[in-house]
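FYI, side chains are in, hydrogens and waters are out, and symmetry mates aren't considered; it's all heavy atoms of this structure. Indexing begins at 1, ligand by ligand and atom by atom, following the structure's order. A quick note: this is a predicted structure, and the numbers were derived from the prediction, not measured.
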Amino acid sequence: MFPETQFSASFSSSSSHPKPPPIPILPIPTSQQLSWQFSEMAMFIHFGPNTFTDSEWGTGRADSSVFNPTALNASQWVRVAKENGFSRIILTAKHHDGFCLWPSEYTDYSVKSSPWKNGNGDVVFELAEAARNAGVQLGLYLSPWDRHEPTYGKTLEYNEYYMGQMTELLTRYGNIKEVWLDGAKGEGEKDMEYLFDNWFSLIHQLQPEAVIFSDAGPDIRWVGNENGVAGTTCWSCFNRSAAKIGDTDTKYSHVGDPYGHDWVPAECDVSIRPGWFWHASQVPKSAMTLLDLYYKSVGRNGLLLLNVPPNSSGLISDEDIQVLREFSELRNSIFSHNLAKNALPSASSTRGGLCDSQFGSHRVLEEGIHAYWAPNGNQSDWALYLNFQEPVTFNVLQVQEPIHMGQRVMEFHLDVMNEKGDWKKVINGTTVGYQRLLLFPNVQSSRIRLVIDKSRADPLISYLGIYIDPYSNLGNIYGTSSKSYFKSSQVLR
Ligand code: FUL
């Protein structure tokens with residue numbers, strides 16, 4: 001397989017018009033799903049009576065008087081999110097204990113019966129305002145399982161109650177970008193039929209820009225674990241009909257489905273601490289652990305939803321902020337400089353021929369997914385080459401597909417040319433999707449190529465990046481271990 005040259009390239013017909021883009025392969029994302037995917041990382045905020053009672057699944061019997069944060073500041077939550085690369089923030093407006101962080105008309109079990117601000121406070125309002133001012137997107141979690149509400153278990157009454165609360169949340173607080181719900185429920189709890197179709201239609205009607213997350217979509221799916229890790233193969237294609245909220249086949253959710261008819265990408269939720277709610281006895285994960293999770297979620301075509309629970313004073317704790325800063329510094333230090341930036345790209349073929357600049361290989365060095373390289377049709381060999389003037393050393397590969405055209409790549413590998421002029425395989429991958437990051441021992445070369453071995457349709461590649469990550473210690477390709485620059489929670493100091 002050789003890159004095309006002026007002589008081998010097939011030119012488009014005599015027409016003076018440029019070749020149009022290829023046909024997208026279905027399913028493709030909606031504009032709301034694309035906007036969700038571009039946000040890459042969201043911050044989850046678990047906050048409520050559990051924060052004060054040292055519990056995770058509140059019984060719904062804790063007195064409202066326990067909810068009394070002394071220094072709640074939603075602007076601090078938003079600032080921490082924004083400064084550290086989270087463009088979306090999702091709040092537990094109501095968790096399983098049924099306590100509402102906004103003054104719902106349909107229950108007294110809420111902030112209005114708490115001592116906080118003498119019952120005049122509204123956490124959802126404060127967060128919505130802070131997020132709007134900072135340009136951070138807002139999402140809300142309204143737990144279906146409600147251990148306080150007496151109508152829970154009665155189909156009509158509770159569904160009316162839930163939809164009434166949903167309507168309050170989606171009509172009072174401006175633009176909501178994500179509605180989060182799940183099928184979580186303790187064993188032996190009351191049976192309950194949720195009228196999901198009615199809920200989903202209402203949500204989309206009231207907030208047309210929102211995506212709905214649950215174990216089974218409809219818009220965004222749970223990745224199948226609470227460790228923040230997507231499958232090494234991770235399709236955004238999925239069959240909604242094969243998944244059921246509260247009774248998911250987690251293996252199916254983890255990997256997705258190359259034959260799926262629906263576009264339902266994976267969201268990877270995980271907490272910075274062992275629990276979802278804040279507990280005085282728990283400490284945050286290290287920045288290196290978060291970096292590892294980043295590779296395994298954002299780097300596997302998912303969105304990382306990282307929970308950072310405020311403490312009982314109503315603020316995100318200093319030690320969590322410190323870790324988030326270090327995590328952010330690590331990402332900036334690795335990813336702010338694409339070593340491929342000045343390389344000379346070429347390809348096995350170009351849609352419309354070499355003279356067609358719209359789909360040329362140089363497109364893979366333009367940021368974003370809208371410009372992309374496309375091969376000529378009816379090819380069986382697909383490869384992108386990067387030539388460097390000097391040998392480069394790297395250990396991270398980034399590949400992106402223009403997912404608005406559908407997810408295509410099924411298998412690929414990266415080769416580097418050695419000193420003898422032979423291609424040597426560095427790493428294999430399966431799916432790419434919005435973004436694939438692969439970490440491997442250091443390699444050095446002045447010629448590399450990305451080969452697409454299998455694809456659902458002509459593969460399209462929108463971005464190629466190579467980077468050096470000196471912190472994740474994998475050694476180099478010659479087997480000697482590279483120097484570790486990092487000690488737990490002491491990054492870049
Ligand atoms: C689960 C809940 O049961 C946990 O408490 C937490 O909210 C997690 C994000 O979702 O389903």
For His46, atoms of ligand 1 separated by under 4.0 Å from a heavy atom: 6 (C), 7 (O), 9 (C)

Numbered atoms of ligand 1 (with element) below 4.0 Å of Ala184, judged on heavy atoms: 3 (O), 11 (O)

Mode of Asp269 contact toward ligand 1 - side chain, backbone, both, neither (heavy atoms, under 4.0 Å): side chain

Check: Trp77 ring centroid to Phe47 ring centroid under 6.0 Å: yes

Shortest protein contact, atom 4 (C) of ligand 1 (heavy atom only): His95 NE2, 3.8 Å

Polar atom proximity, Trp57 to ligand 1 (N or O, under 3.5 Å): yes

Geometric class of the Trp145/His96 ring pair [parallel <30°, tilted 30-60°, perpendicular >60°]: tilted

Asp182-ligand 1 polar pair, N/O distance under 3.5 Å: yes

Which of the ligand 1 atoms, numbered from 1, are nearer than 4.0 Å to a heavy atom of Phe44: 9 (C)

The single option from Trp276, Trp222, Trp180 passing side-chain hydrogen bond (donor to acceptor under 3.5 Å, both in side chains) against Asp269: Trp222

Ring-face cation of Arg331 near Phe327 (centre distance under 6.0 Å, axis angle within 45°): yes

Phe277 heavy atom under 4.0 Å from ligand 1: no

Within-4.5 Å side-chain heavy-atom neighbours: Trp199 and Asn159: yes

Heavy-atom donor-acceptor pair, Asp262 side chain to Arg240 backbone, under 3.5 Å: yes

For atom 3 (O) of ligand 1, the option (of Glu226, His96, Lys185) bearing the nearest heavy atom: His96

Within the 6.0 Å centroid threshold, strictly below: Tyr141 and His95: yes

